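So that the names make sense, note that chain A is the first sequence line, chain B the second, and so on, each numbered from 1. Keep in mind that this is a model prediction, so the values were computed, not measured.
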Amino acid sequence: MGATVTITLPNGDKKDAPKGISVLEFVKQSIGAGLAKAAVFARVNGAEADLSRTLDDDAALQIFTAKNPEALEVTRHDAAHIVADAVQRLFPGTQVTIGPVIEEGFYYDFYREKDGKPAPFTPAELEQIEKKANEIIAADLPFTRSEVSADDAVKLFEKKGEKFKVEIVHDIVAKGAKTLTLYAHGDWVDFCLGPHGPSTAKVGVIKLLSSSGAYWRADHTKEQLQRIYGISFFDKKALEAWLKQREEASKRDHRRLGRELDLFHFHPFSPGAAFWTEKGTAIYQALSNWMRSLALNNGYVEIKTPLLYNKGLWEISGHWGKYKENMFLVEDSDTKEHDFSLKPMNCPSHHLFYGFKKHSYRDLPLRYHTQDVLHRNEAAGALGGLTRVRQFAQDDAHIYCREDQIPSEVAKFVGLLDRVYAAVGLTYRAKLSTRPPQRIGTDDLWDRAEAALKTALESLKLEYDLKPGDGAFYGPKIDFDVSDSIGRKWQLGTVQLDYNAPERFDLTYVGEDNKEHRPVVLHRAIYGSFERFIAILIEHFAGAFPAWLAPVQVTVICVADRQLEYAQKIRQQLVDKGYRVEVDDRGLSMQKKIAEAQVGKVPFTLVIGDREVENNQVAPRRYGGEDLKAMPFEQFLELFEKEAKLPPSH
RNA sequence: GCCGACGUAGCUCAGAUGGCAGAGCAACUGAUUCGUAAUCAGUAGGUCUCCGGUUCAAUUCCGGACGUCGGCUCCA
């Protein structure tokens, strides 16, 4: 009799099985053939494992099938292997690098050259690869796992001529790994942590999405690689649903809605700088006014500083050395030298401003708010819509405070940011970035700075991701990310601690002890930039803004022209209160005008006929079609103002 | 900046192997004055992004520039 092991299932059941049985065999014998067939991978004592893993000790076992989202990640990793296999079958000599699962799908980076030059995959080749990959799925090749020594792994990949894999193996060995795991399906082998599904057939269906350039190790001085993006689903139906959803999401794209709703334009003569229409400007101004009120009501002062500066400033700030490539330089017409630059950030000008006066500890914290225009010379290939532009304005502020004031300042800021995002319904993800290897300041200082940020996040019960080593060289920071309609993440808000700038600019305050001390600076923004924030809001609301943000808040439509005079009176009363109202007096049918108001996503349409004129009423209709029925104008006003006023700023 | 795709009317898109350029919507004109999602008729609109080259002939083929899009990198 062989030894037995006791396996505990998620529901608490315990089952005995012969020691050394595979997970799959155990499931088949002790749970059921159906689950065995559906299984993709397992967790043994919480650790991910292949179904072929043997059970050598008592363990807790959990089986994952297509019903678990985790299983899709595993099969997408399978899919990456399959695509790499397909590429190497079709294009011998192509080298493989890495192929991770990403949020939506996976990618695989290849190195391929022709005549010494990088050879990108053409759309036709992608089709071939996709076809071949799905053939590999149909072939139902089992994935097999094996362990080899580091030496054998190096030999294996050297023999195959896979120099990138060899490099990765060396890296892993340098980190202390003794053995490596290999995964093979058919003749194709890659080394990989796993787990993988039982066979290629489990992957379902692979769809390749795009190809693009990427650099080995994300370093543009290294080899140019060819990246193929793809996604897989357990069945065609799920793939089709995903494609459809993607099409829906693209209808919310701010670039598309910006055109359809006539919010902004771009012109080749000023790439990366928006032309805002009167409608786009209305949104911009509403956000600007709201942020101004929020700032002024929360202890900030608003200041304005120049846009153009002599390079002397950038030499002090360090931008001339580290950021010059991103700055627009301006030639002085006398000296013919590029002695001036448009400001890419507000901080240096605020530091100069701080220095205009001698400050007492009683002045602190001192909070300067600014909405000035900034210019950054972004790489041409990086521009896109409103999310990445060359000219923009931040809802910027710099807080000058004593070190002991940092925790409360950070907490106040994060609280304010949370209120702003909540008011527009945005959900965000906070990221705390801590000390990088290259940094200034003592460890003690960093300990305190990081603790201050952490405390603020925890006091607000905010979940956050920790990004060790991602902070700026002068201090740690918290970034706030929001996703756009196609799932790309954008940084909006940020708060950064800065111990460096006060040194560089020799900023001081006089303390209680009558001696000079260094303040600390907090850089912070909530919207991030108006441009990017508006882009995110357009997508978030799919263009149907709440009344307070909508470019046109009310459209007044008459049943016949004889009611126009009354309609104008209604409009005037609303305009006098500061609202954005239009009367559609074009010679179109009423139905057509209503249709256009809906297409324009105007929050309220007021229909005026003889009955309304007679009774001093309006007949409001909401965007989307809800008919509120005729009511006295005063009653509408009350209802409307609740939604059309800026959100609270206290 | 790098890799790839793309650039036809204000917008969305057709089009031909290299031989007079097409639709819908929008615009304009006229008629229509209508009770909650699109009234009818007509008119106008184009150096087919730009600059070179090949050709009897280029919007179409080739090269370059600019821009847009998807990535890389960076960041708000």
Side-chain angles (χ1 to χ4, degrees), chain A residues 107 109 117-123 125-126 209-222 224-229 250 253 255-256 259-260 262 265-272 323 325-326 344-346 374 376-390 392-396 479-482 486 488 490-494 523-533 535-536 557-564 585 587-600 605-612 619-630:
Chain A
Y107 67 78
D109 283 347
K117 275 188 266 178
F121 294 104
T122 64
E125 286 172 340
L126 278 187
L209 302 169
S210 64
S211 68
S212 79
Y215 298 102
W216 174 234
R217 301 256 148 108
D219 180 344
H220 71 277
T221 63
K222 298 211 162 100
Q224 168 91 48
L225 305 178
Q226 311 305 329
R227 175 169 300 178
I228 294 177
Y229 285 91
S250 82
D253 189 311
R255 290 163 297 197
R256 179 168 174 166
R259 228 185 356 257
E260 289 172 1
D262 191 29
H265 302 278
F266 286 93
H267 193 280
F269 283 163
S270 189
Y323 204 74
E325 307 241 302
N326 279 296
M345 300 176 190
N346 289 305
L374 305 175
R376 294 185 190 172
N377 196 359
E378 298 287 350
L383 300 177
L386 289 176
T387 45
R388 177 61 63 77
V389 289
R390 286 188 173 143
F392 60 101
Q394 295 180 319
D395 61 320
D396 207 357
D479 289 328
F480 300 86
D481 285 359
V482 174
I486 53 176
R488 292 181 299 196
W490 296 98
Q491 185 196 316
L492 300 181
T494 186
H523 307 249
R524 42 112 295 167
I526 295 176
Y527 297 158
S529 75
F530 284 87
E531 284 73 7
R532 187 176 285 178
F533 195 68
I536 294 289
I557 293 170
C558 298
V559 174
D561 285 353
R562 61 180 175 276
Q563 296 106 19
L564 264 177
D585 57 2
L588 303 170
S589 70
M590 184 199 70
Q591 283 86 344
K592 172 76 169 171
K593 290 178 189 174
I594 288 170
E596 289 202 7
Q598 293 300 305
V599 168
T605 302
L606 299 182
V607 176
I608 306 292
D610 290 336
R611 293 201 297 270
E612 283 74 23
R621 170 200 168 100
R622 277 184 187 276
Y623 170 69
E626 188 194 352
D627 187 351
L628 300 179
K629 308 290 184 209

Atom [atom1], compared across [N] and [M]: separation rounded to whole Å:
N     : M     : atom1 : value
B:C25 : B:G67 : C1'   : 25 Å
B:A9  : B:A21 : C1'   : 11 Å
B:G52 : B:C66 : C1'   : 15 Å
B:U29 : B:C20 : C1'   : 28 Å
B:C51 : B:G15 : P     : 26 Å
B:G46 : B:U33 : P     : 35 Å
B:G4  : B:C56 : P     : 33 Å
B:C11 : B:A26 : P     : 15 Å

Could you write out each protein N or O paired with an N or O of nucleotides 60-66 of chain B at a distance under 3.5 Å?
none

Record whether the side chain of [X] comes under 3.5 Å of the base of [N] through a donor-acceptor pair of N or O atoms.
X        : N     : result
A:Arg532 : B:C75 : yes
A:Arg388 : B:C74 : yes
A:Glu378 : B:G1  : no

(request) Keeping the roles fixed (side chain from A:Asp395, backbone from A:Gly528), state whether a donor-acceptor pair exists under 3.5 Å. (result) yes

(request) Output yes if the stacking criterion (under 5.5 Å between centres, under 30° between planes) is met for A:Phe392 over the base of B:A76, else no. (result) yes

Would you indicate what [X] reaches in the nucleic acid, counting non-hydrogen atoms under 4.0 angstrom: base, sugar-phosphate, or nothing?
X        : answer
A:Asn326 : nothing
A:Arg562 : sugar-phosphate
A:Gln591 : sugar-phosphate
A:Tyr107 : nothing
A:Leu374 : nothing
A:Gly385 : sugar-phosphate
A:Gly625 : nothing
A:Glu626 : nothing
A:Ala597 : nothing
A:Arg227 : sugar-phosphate
A:Ala379 : base

Taking only residues two or more places apart in sequence or in another chain, which ones pass side chain to side chain donor-acceptor pair (under 3.5 Å) with [X]?
X        : result
A:Thr494 : A:Asp479
A:Arg611 : none
A:Asp396 : A:Asn346

Protein-nucleic acid N or O pairs under 3.5 Å, nucleotides 8-11 of chain B:
| residue | atom | partner | partner atom | Å |
| --- | --- | --- | --- | --- |
| B:C11 | O3' | A:Arg259 | NE | 3.3 |

(request) Do nucleotides 2-7 of chain B as a string where each nucleotide becomes B, S or -: B if the base has a protein heavy atom under 4.0 Å, S if just the sugar-phosphate does, - if no protein is that close. (result) BBS---

Listed by chain and number, what are the ring pair (Phe, Tyr, Trp, His ring centres under 6.0 Å) partners of [X], not counting sequence neighbours?
X        : result
A:Trp490 : none
A:Tyr229 : A:Tyr107
A:Tyr527 : A:Phe530, A:Phe533

(request) Can you tell me which stems RNA chain B forms, taking runs of 3 or more consecutive Watson-Crick or G-U pairs with both distances under 3.5 Å? (result)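 Stem segments, range with range: B:1-7 with B:66-72, B:10-13 with B:22-25, B:27-31 with B:39-43, B:49-53 with B:61-65.
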
(request) Enter syn or anti for the glycosidic conformation of B:C61, syn applying to angles within 90° of 0. (result)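 With its glycosidic angle more than 90° from zero, B:C61 counts as anti.
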
(request) May I ask you to say whether A:Asp219 pairs ionically with A:Lys222, meaning some side-chain N is under 4.0 Å from a carboxylate O? (result)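 Counted as a salt bridge, because a side-chain N and a carboxylate O are separated by less than 4.0 Å.
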
(request) Test A:Glu325 against A:Asn377 for side chain to side chain donor-acceptor pair (under 3.5 Å), laying out the working first. (result) CA-CA 7 Å; A:Glu325 307 241 302; A:Asn377 196 359; over 6 Å; no

(message) Restricting to side-chain contact (heavy atoms from CB on, under 4.5 Å), what partner residues turn up for A:Asp627, sequence neighbours left out?
(response) A:Lys629

(message) Need to verify one output field. Residue with the more 5' nearest nucleotide on RNA chain B, A:Tyr623 or A:Ser529?
(response)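 Between the two, 5'-proximity favours A:Tyr623.
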
List, with names and distances, any nitrogen or oxygen atoms from the protein found under 3.5 Å away from nitrogen or oxygen atoms belonging to nucleotides 24-30 of chain B.
| residue | atom | partner | partner atom | Å |
| --- | --- | --- | --- | --- |
| B:A26 | OP1 | A:Lys592 | NZ | 2.8 |

